[in-house]
Amino acid sequence: MEHRLLVVDDEASIVNAIAYAFRREGYIVETAYDGEEALAKAASFRPHVIVLDVMMPRMNGYDVCRRLENRKGIGIILLTVKNDIVDKVLGLELGADDYMTKPFDLRELTARVKALARRVEKSAAEEPEKAALIELGGVRIGVLQRTLHAHGELIELTPKEFDLAVLLLGHPERVYTREELLELVWGIEYAGGTRTVDIHIQRLRKKLGDQQQQLLQTVYGIGYKASGERA
């Protein structure tokens with residue numbers, strides 16, 4: 001499979017270096033130099049992975065994540081000059097899969113892009129095997145449509161909240177450690193630690209409402225599980 005990579009940064013030297021390295025690896029590479037151009041290229045080029053700078057003119061990388069349509073099948077690695085964990089958490093909650101802080105080692109970026117491309121490819125191959133519909137304890141998830149309803153009401157979720165809900169509700173009574181959830185949903189050794197799992201569970205419970213909060217149960221000293229009756 002030929003992987004498609006979109007490189008987005010307002011510094012031409014960075015774009016050129018990354019593009020050159022990945023073309024040598026056999027990737028099909030497109031480039032963009034601001035957020036608006038990135039959205040247009042993503043829509044037409046349909047990359048498997050986007051290497052996306054955060055601080056750009058016209059539209060920053062966070063807004064690109066927010067406005068990117070049809071994210072299915074696209075992995076995102078953010079490039080940021082900020083080393084603040086809050087900024088990194090924001091990017092990951094908006095749907096990014098990984099991040100690197102500038103200045104970065106091109107060899108490490110290459111390894112991370114390759115790993116993410118493999119995960120995207122594997123996910124696409126497994127997609128037809130996934131249950132198209134998950135129903136548990138009054139919650140109905142359209143996996144392919146990326147929609148979740150609780151007692152008929154559509155619940156708005158972030159990409160990571162949705163992925164977490166699919167994993168847990170799709171495997172009721174299966175206990176996952178925080179480390180397993182971090183690996184399976186975020187797919188990286190997340191620098192923020194397992195606390196981000198707890199935060200996302202809390203947000204999911206709140207969004208599901210009082211009647212559904214018991215769906216996501218804490219297994220003390222271990223992690224979390226979903227519990228409820230299948231429809």
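Worth knowing before you read on, the calculation uses all heavy atoms, side chains too, and leaves out hydrogens, waters and symmetry mates.
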Heavy-atom distance under 4.5 Å between the side chains of [X] and [Y], does that happen here?
X: K160; Y: V197; answer: no
X: I74; Y: R46; answer: yes
X: W186; Y: H200; answer: yes
X: V49; Y: L5; answer: yes
X: L39; Y: L68; answer: yes
X: L106; Y: I18; answer: yes
X: L78; Y: Y62; answer: yes
X: E153; Y: L208; answer: no

Looking at [X] and [Y], what are the two nearest heavy atoms and their distance?
X: L148; Y: A165; answer: CD1-CB, 3.9 Å
X: L157; Y: E161; answer: CA-OE1, 3.5 Å
X: E180; Y: V175; answer: OE1-O, 4.0 Å
X: M100; Y: L109; answer: SD-CA, 3.5 Å
X: E173; Y: S227; answer: OE2-OG, 2.8 Å
X: C65; Y: L52; answer: SG-CD2, 4.0 Å

[atom2] on [Y] to [atom1] on [X], rounded to 0.5 Å:
X: R4; Y: E30; atom1: CZ; atom2: CD; answer: 10.5 Å
X: L133; Y: Q145; atom1: CG; atom2: CD; answer: 8.5 Å
X: E93; Y: T196; atom1: CD; atom2: OG1; answer: 6.0 Å
X: T101; Y: L79; atom1: OG1; atom2: CG; answer: 9.0 Å
X: E11; Y: M55; atom1: CD; atom2: CE; answer: 12.0 Å
X: N16; Y: T31; atom1: CG; atom2: OG1; answer: 7.5 Å

Are [X] and [Y] in one and the same hydrophobic cluster, where Ile, Leu, Val, Met, Phe, Trp and Tyr link if side-chain heavy atoms are under 4.5 Å apart?
X: V81; Y: M59; result: no
X: F162; Y: L184; result: yes
X: I199; Y: Y176; result: no
X: L181; Y: V219; result: no
X: I222; Y: L167; result: no

Is the closest basic N to carboxylate O distance between K102 and D9 below 4.0 Å?
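Looking at K102 and D9, the cut-off is met.
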For D198, enumerate each residue passing the salt bridge (charged side-chain N to carboxylate O under 4.0 Å, His left out) test, keeping only those at least two apart in sequence or located in another chain.
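Checked D198 against salt bridge (charged side-chain N to carboxylate O under 4.0 Å, His left out); matches are R178, R195.
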Restricting to ring-ring contact (aromatic ring centres under 6.0 Å, His included), what partner residues turn up for Y27, sequence neighbours left out?
H3, F22
Using only atom types and a distance under 3.5 Å, with no angle test, would you say the side chain of D97 pairs donor to acceptor with the backbone of I76?
yes
For Q217 and I201: C-alpha separation, side-chain torsions, deciding distance, then whether side chain to side chain contact (heavy atoms under 4.5 Å, CB included) applies.
CA-CA 9 Å; Q217 297 183 357; I201 291 289; over 6 Å; no
Evaluate the side chain to side chain contact (heavy atoms under 4.5 Å, CB included) criterion for residues T177 and L182: first the C-alpha distance (whole Å), next the side-chain angles of each, then the deciding distance (0.1 Å), finally the verdict.
CA-CA 9 Å; T177 67; L182 203 60; over 6 Å; no
Would you say R174 has more than 12 foreign heavy atoms packed within less than 6.0 Å of its CZ?
yes
Take Y224 and L216 through the side chain to side chain contact (heavy atoms under 4.5 Å, CB included) test and state the conclusion after the steps.
CA-CA 7 Å; Y224 297 97; L216 302 177; 5.9 Å; no
